[in-house]
Amino acid sequence: MAEQTDVGLIGLAVMGSNLALNIAEKGYRIAVYDREVEVTDAFVANSGTLSSQIFSASDLKSLVAMIKRPRSIILLIKAGSPVDQVIETLAPLLEEGDTIVDGGNTEFNDTVRRSNKLKEKGIHFVGLGLSGGEEGARDGPSLMFGGSEHSWQQIGPLLQEVAVKYNDQPCCAYMGPDGAGNFVKTIHNGIEYADMQMIAEIYGIMKDGFGRGAKEMAPVFTRWNEGELSSYLIEITAKVLSVDDDETSAPLVDVILDKAGQKGTGRWAVIEAQKLGVGATTIEAAVAARSLSADREGRLKTAECFEFDFNEARTQLSNTVSDEDLEQALLLGKIAAYAQGFSILEAARAEHQWPLPMKEIAEVWRAGCIIRSVFLSRIASVYATERAETNLLTAAYFADLINNGHQALRKVVSHAVLCGIPVPALASALSYIDGAAQAKSTANLIQAQRDCFGAHTYKRLDKEGSYHTSWLK
Ligand code: 6PG
């Protein structure tokens with residue numbers, strides 16, 4: 001029985017068990033371990049016809065002994081200190097050339113640290129960005145690989161087989177060493193937050209502005225899912241809006257508490273954008289909106305302080321703003337959010353000297369993951385001909401969409417503002433586009449202020465050099 005399996009997997013919660021079944025289904029023999037023996041036993045017992053491919057281990061030592069050398073062991077456990085704890089026990093059992101793959105939503109700096117530490121022992125550490133939730137893990141996730149070339153050679157072929165396929169092409173690609181895969185997944189999540197927030201803002205306009213019920217909105221999203229906005233998130237929005245609550249028979253969405261959760265990955269995307277000096281205003285607005293939503297008690301108190309009256313404006317709204325305007329606005333907001341996400345990736349590519357292949361990133365996101373969409377094929381097409389440094393706003397395809405749709409975005413944002421309907425992500429998308437296209441910005445005044453109070457100096461438009469003025473003399 002020794003050394004009989006191709007790969008090992010630790011952690012048999014929903015993601016781990018689904019991925020293990022996916023791996024076994026592709027014909028690989030897999031050794032599995034969970035710290036709860038009953039969980040491992042139940043998993044193997046319920047794995048049906050795949051059970052002949054699955055070998056359970058009662059401890060890490062026997063798990064390691066079951067795997068062919070050089071070993072590949074996938075961790076699907078809670079991100080953070082549990083990963084460090086498992087590594088601490090596992091590493092002494094491993095040998096030079098073995099690879100540990102962390103498939104959790106890990107902060108990329110943790111992967112860099114773990115990777116450097118394990119390198120001293122000749123053990124390779126991979127931060128694998130994995131998207132698609134439990135369904136993706138079972139049927140084919142989108143995978144973003146960050147690790148050594150050695151590990152990519154070793155486990156890349158297996159990962160490409162288990163990944164979802166788009167036109168027969170696996171949605172799994174090499175992003176670069178150590179933290180590159182986790183970084184790409186973090187930006188995926190930042191974009192995921194922005195996409196979701198903008199959809200929620202459009203829902204807010206339909207609900208509070210047009211006075212529509214969930215059932216009336218669902219077909220609109222279904223229709224949009226057949227056009228340029230076609231995506232998993234639009235598709236599930238239509239479905240979610242159609243579901244009724246068993247207890248009250250009201251639309252289920254109407255009885256859900258309006259406080260958004262977040263595990264931190266969207267926030268990490270914003271932090272990285274800030275560190276890299278990239279303006280990612282739509283992603284920032286989406287993360288901030290989740291935080292604001294979470295403070296429901298504060299919102300209820302604040303609402304009592306104001307006497308804003310939007311009745312008149314809201315009555316007019318459906319005569320002014322059409323569903324087509326909303327569709328256009330959402331599309332343009334999406335362009336801004338993705339332009340920001342790819343700009344963060346581009347800055348990280350330069351900063352960390354990672355390959356981060358833009359076309360392949362767009363391609364691995366086309367299927368399996370939460371942000372999968374027709375839109376990502378458009379981005380992949382842009383990067384097939386344009387340089388990685390290209391801001392997506394300026395790519396001909398997207399520039400045309402912006403030229404055609406900017407009036408609709410302006411109309412939607414301005415009327416939402418007049419109606420007191422918060423649209424922070426859409427508004428910031430509009431300002432991002434306008435700011436990016438502002439040939440002459442207002443930063444000359446900021447430079448003057450900086451020089452006035454701090455002698456920071458300024459440059460002039462008409463000649464070279466740095467200048468300082470005694471402004472208050
Ligand atoms: C995915 C998702 C997933 C993410 C959740 C939760 O690609 O499958 O991005 O990995 O962690 O969507 O995120 P929040 O709890 O922060 O919303």
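First listed ligand is number 1; within each ligand, the first listed atom is number 1.
For the pair G132 and ligand 1, a heavy-atom separation below 4.0 Å is found. Residue contacts with ligand 1 leave out G266, since none of its heavy atoms falls under 4.0 Å from the ligand.
Residues M358 and V382 fail the side-chain proximity criterion, which asks for heavy atoms closer than 4.5 Å. Inter-residue side-chain proximity for N189 and I370 is flagged as unmet; no heavy-atom pair is nearer than 4.5 Å.
In terms of protein heavy-atom proximity, atom 16 (O) of ligand 1 is closest to Y193 OH, 2.4 Å. At the top of the distance list for atom 10 (O) of ligand 1, counting protein heavy atoms only, stands K185 NZ, 2.7 Å. For atom 5 (C) of ligand 1, the closest heavy atom belonging to the protein is E192 OE2, 3.9 Å. Closest to atom 11 (O) of ligand 1 among all protein heavy atoms lies N105 ND2, 2.7 Å. Among all protein heavy atoms, the one lying closest to atom 15 (O) of ligand 1 is K263 NZ, 2.9 Å.
Residue contact check: S131 has heavy atoms under 4.0 Å from atoms 1 (C), 7 (O), 8 (O) of ligand 1. Of all atoms in ligand 1, listed by their number and element, those nearer than 4.0 Å to a heavy atom of N189 are 4 (C), 9 (O), 11 (O). Those atoms of ligand 1 with a heavy atom of H188 less than 4.0 angstrom away are 7 (O), 9 (O). Residue I370 approaches ligand 1 through these ligand atoms, each under 4.0 Å from one of its heavy atoms: 1 (C), 2 (C), 7 (O), 8 (O).
Of the possible donor and acceptor atoms, one in the side chain of N225 sits under 3.5 Å from a partner among the backbone N and O of S231. Looking at E389, its side chain never comes within 3.5 Å of a backbone N or O of E346 through a donor-acceptor pair.
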ask   = Going through the distances and angles, do H188 and C369 end up as a side-chain contact (heavy atoms from CB on, under 4.5 Å)?
value = CA-CA 9 Å; H188 166 285; C369 70; 3.5 Å; yes
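Look at R113 and D110 and you find a salt bridge, because one of the NZ, NE, NH1 or NH2 atoms lies within 4.0 Å of a carboxylate O, short of that distance. For the pair K26 and D6, the salt-bridge criterion is not met [side-chain N within less than 4.0 Å of a carboxylate O]. Taking a cutoff of 4.0 Å between a charged side-chain nitrogen and a carboxylate oxygen, K334 and E228 do not qualify as a salt bridge.
Taking any N or O of G133, backbone or side chain, at least one lies under 3.5 Å from an N or O belonging to ligand 1. Ligand 1 has no N or O atom lying under 3.5 Å from any N or O atom of Q262, backbone or side chain.
Of all the heavy atoms of R290, the ones lying under 4.0 Å from any atom of ligand 1 belong exclusively to the side chain.
With a 6.0 Å radius and a threshold of 12 heavy atoms from other residues, nucleotides or ligands, K239 has its NZ atom at or below the threshold.
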